[in-house]
Protein chains: 4
Amino acid sequence: MATVTFLVHPDRADALALATDTATWLTERGDTARILRFSGPDVVSEAGGETPLSAVDLSGTTVAVSMGGDGTFLRVVRLANDADVPVLGVNFGRLGYLPDLMPDELRQALTRVFEGQATIEERCALAVTVTNRSVDMPAETMLALNEVVIEKIDFGHTVRLATTIDGEDALTYSADGLIVATPTGSTAYNLSAGGPILAPTLRALVMTPVAPHFSLDRSLVLTETQQVTITVAPDRAGVLVIDGAEVGRLEPGSVVTCRVAARPVRVVRNEPQTFGGILRFRLLADRVP
Amino acid sequence: MATVTFLVHPDRADALALATDTATWLTERGDTARILRFSGPDVVSEAGGETPLSAVDLSGTTVAVSMGGDGTFLRVVRLANDADVPVLGVNFGRLGYLPDLMPDELRQALTRVFEGQATIEERCALAVTVTNRSVDMPAETMLALNEVVIEKIDFGHTVRLATTIDGEDALTYSADGLIVATPTGSTAYNLSAGGPILAPTLRALVMTPVAPHFSLDRSLVLTETQQVTITVAPDRAGVLVIDGAEVGRLEPGSVVTCRVAARPVRVVRNEPQTFGGILRFRLLADRVP
Amino acid sequence: MATVTFLVHPDRADALALATDTATWLTERGDTARILRFSGPDVVSEAGGETPLSAVDLSGTTVAVSMGGDGTFLRVVRLANDADVPVLGVNFGRLGYLPDLMPDELRQALTRVFEGQATIEERCALAVTVTNRSVDMPAETMLALNEVVIEKIDFGHTVRLATTIDGEDALTYSADGLIVATPTGSTAYNLSAGGPILAPTLRALVMTPVAPHFSLDRSLVLTETQQVTITVAPDRAGVLVIDGAEVGRLEPGSVVTCRVAARPVRVVRNEPQTFGGILRFRLLADRVP
Amino acid sequence: MATVTFLVHPDRADALALATDTATWLTERGDTARILRFSGPDVVSEAGGETPLSAVDLSGTTVAVSMGGDGTFLRVVRLANDADVPVLGVNFGRLGYLPDLMPDELRQALTRVFEGQATIEERCALAVTVTNRSVDMPAETMLALNEVVIEKIDFGHTVRLATTIDGEDALTYSADGLIVATPTGSTAYNLSAGGPILAPTLRALVMTPVAPHFSLDRSLVLTETQQVTITVAPDRAGVLVIDGAEVGRLEPGSVVTCRVAARPVRVVRNEPQTFGGILRFRLLADRVP
């Protein structure tokens, strides 16, 4: 018997309706279904009340179903990764790069999962920790599916950063920001900043500065065993952004450490994601003069 | 008889001492000297009290002398440009790209000005206005010597901008920002963002996006008669930054208009600034691995 | 009475037919028409025999009509510029960036020229000379409408170049090539190599290196009065290419001098070419994933 | 007992002298030494006559010693890779990126090899084959240590290329060339063309176009199991260049296939090559304004 957890975008009635409907179908089949709806930055609500996000445990779930857009998907991935549960994304968003399933394909996709016929792809995530941090910065290791960015905090000023790779001094930057991206995230902000596209199955990370002043502006591609530290210079603070969400202020002297997470993210794909498919998606996406 | 106004960095005692000393020398020669010291964002103090920056009038001054670094110089240029007065920059800062005179060269440089032997170079500035603006945004035309930037306001999100050139739709951007730079400013933020270096005497402006998403990432170089408008998309605000200083928040729908200012900035140079000299300065500046 | 010279692509029977037909119409109107057909790199043929290209004189012509694609247009422009004659381009080619008239618009466009109603746009060209040249390299000043390129000659090796601007040492390059482009040419090879797009009416030139090794990879934009020299290093030859055509081998020590040509190229446009129009043309052109 | 083969640059008397001297020392120790001197593109000479390069067999050699610069090293690597022999590079060249040993360090380095104390690093190479080739193009699989380039053949014209990744259509290019580089080669031509720097121990390849016209100009980083094909368009030939040496003409329709070679190149390093060391080397190398 399978156990399915649906995680639903807070404002999408159609997503909630589909989750409810599919849960009924699952129950009738003899499977178990649970519906969680995001209702704030750190809370999900379900029948019976609200739960802090940190208390949600997906252990024992066969598959977690993300019902929303890219943002919902990223949140679900973090919960699922903790419990080593694969994620299936139904796309209710506009672009839908990550969740690739149309709503009317959901039952068939679940059936494939139950029958062991589904394509489950593994994707690198980044494990991120901050030391010398201010009190409101999380102490625990954070997960990034797309990218970590250390950004400037003041308009009109750069942030100054010193990096090491495996403990050895590498480049220093005075820049708008420094991006550390996964292969999945390499087609997002990293691409805008001039970085390369990494094959989705490559086990690596890529570092790309944004508008660097007087320093090498090329990207560096590191192996899955290499560790990067990024130290904010003593004179000026920065900001930490993970997967497009602001995490908090990085005081001068803060050190952000990034490496490929030991456990990959497991994504149930409707069809295998090829490199050619990614290139076509990125090139044809809403390009306007 | 010459009239010299010294404008001094608020925290540099050495700059104030040199201004005082040189003023004495001028008075003994029969010239007129006035010392203004910046003492806040909008105030200068001199013997006799404080004056709002907007009430400072340099009309009738033979030459305005900037005594500080690049920041001081940019402020002096704005005051001087209103009164069509040339600016001479004594460098008390670290890098000193704009003010190129060493403190011990000041008397000789002033003498050259009085004798009509000085090199006075003309540099393009930008005239910037904002319409559909919020109440705290200046209504008047602002002057940019280096660049105007329309930046994203939220960490992790782009700003979306639509541009016109001479009233005709040009490119749209979803980017970290859009830079409109003068030839003088082309070696600053514009260069970090991948833009070209413009000859200092070219009468032109250059537009360069910062980390654009899905749009042409090349710079556009416009003539001195062309006018650019940049409209902030209806869904998200931006920030206006001029010469590295935050001007204010650009509400959705705000329109920033830029063109080469009719009156050029006049800079007294110790030695003529050649293109080769600029390239060497930029390439050799504190480059570290 | 007008005098029209048609210059026709060697292999386009349809272009020749239209030229013949239009010439008849002109003669019937009382105007004078002449048809020249390119028949080799340096020869044109017309009724009565062949003429070396160097002997063709368009003086006294009201308008020169290019009947072919971009290549034909570039050749006609050189002949017309010598005689200060405007050029009208009928597009028989594939892309047709420069000649913008459809064949069935020709009579109407000529009528507008005769009536003084036509839009005649002026475009910068480059004047190019080579000194320390080998014997087979032209001694006279050459005209470039799009760009001059000094390229590497050996596969797998760079060419090494030293540049001066107005007689002062500027940058040195070890690169695949160095492009000096007009505003018109800024959207061609210069754009592929990362250079900026210049407004078509800007009086300037832009220098962009191709794949430079260890040197500043940014473009430089120069004024119409500045002169660039490019010297091929003593150790290795290069090749000179103007508007996509190989001119000849540049021996080590050869010096190529470029500046904006004193006389602009005059182009009869079907409709005025705006900056927005150029951007749309370039962005929408055969882009495929 | 060890067996050492010295492979010596054809024109360096000092390299030959050191090889001879070191061979005597080895013989006195009871080891076996052999000296081969490159004497043409496809020939080596040794005591007793000349041998075609294709007949040289390094099987049974403990270590192959390259005595020359980067070019010699690349040739030695190919011979050594066939026999799975590690390579030690003594630097007699100018820059010496690959061979990192000074001549006076040779005996000590060999001693470390014999005692099993040496650092032997593994580096990805590329396996390259050409199909639909002309008669003079090699039929066998070729090895690239730095990069494979498919270049344009005509000055002033691009080469048009269609690529597949693992059999699926990927990007097409109209460009000066397309580079497929190893991590080792990522700091050479790939870097000049705007590509990223790959960690030396990453098992991957990177594809970077040179001056592409109207197509994605970003690099793609592929895994060690992915295979790329590059097909020359039917209308125009290209040229194949491997590690800076011209291999031959690629007729229209030729297909070049690249993948990471199954067997890595094994390099004896004087000291381990770190990522930080590579970055410093590249940034400080002969940079001139």
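Taking CG of Leu191(A) as the start and NE2 of His213(B) as the end, the distance is 8.0 Å to the nearest 0.5 Å. With rounding to the nearest 0.5 angstrom, the CD atom of Glu246(B) is 10.5 Å from the NE2 atom of His157(A).
Neither the backbone nor the side chain of Ile242(A) comes within less than 4.5 Å of any heavy atom in chain B. With a 4.5 angstrom heavy-atom cutoff, Val149(A) does not touch chain B via any of its atoms. Using a 4.5 Å cut-off between heavy atoms, Tyr189(B) contacts chain A through its side chain alone, with no backbone atom that close. Residue contact with chain A, scored on non-hydrogen atoms closer than 4.5 Å, involves the side chain of Asp176(B) exclusively. If you measure heavy-atom distances from Val239(B) to chain A, the contacts under 4.5 Å come from the side chain alone.
The residue among Gly194(A), Ala175(A), Gly156(A) with the most heavy atom pairs within less than 4.5 Å of chain B is Gly156(A). Comparing Ser192(A), Ser174(A), Gly244(A), Gly177(A) by heavy-atom pairs within less than 4.5 Å of chain B, the highest count is held by Ser192(A).
Listed here is the closest heavy atom pair of Glu151(B) and Phe155(A): OE1-CD2, 3.4 Å. In plain terms, the two heavy atoms of Val210(B) and Ala211(A) that are nearest each other are CG1-CB, 4.2 Å.
Within a 6.0 Å radius of CZ in Arg160(A), other residues, nucleotides and ligands contribute 12 heavy atoms or fewer. Counting non-hydrogen atoms of neighbouring residues, nucleotides and ligands closer than 6.0 angstrom, the CZ atom of Arg259(B) exceeds 12 such neighbours.
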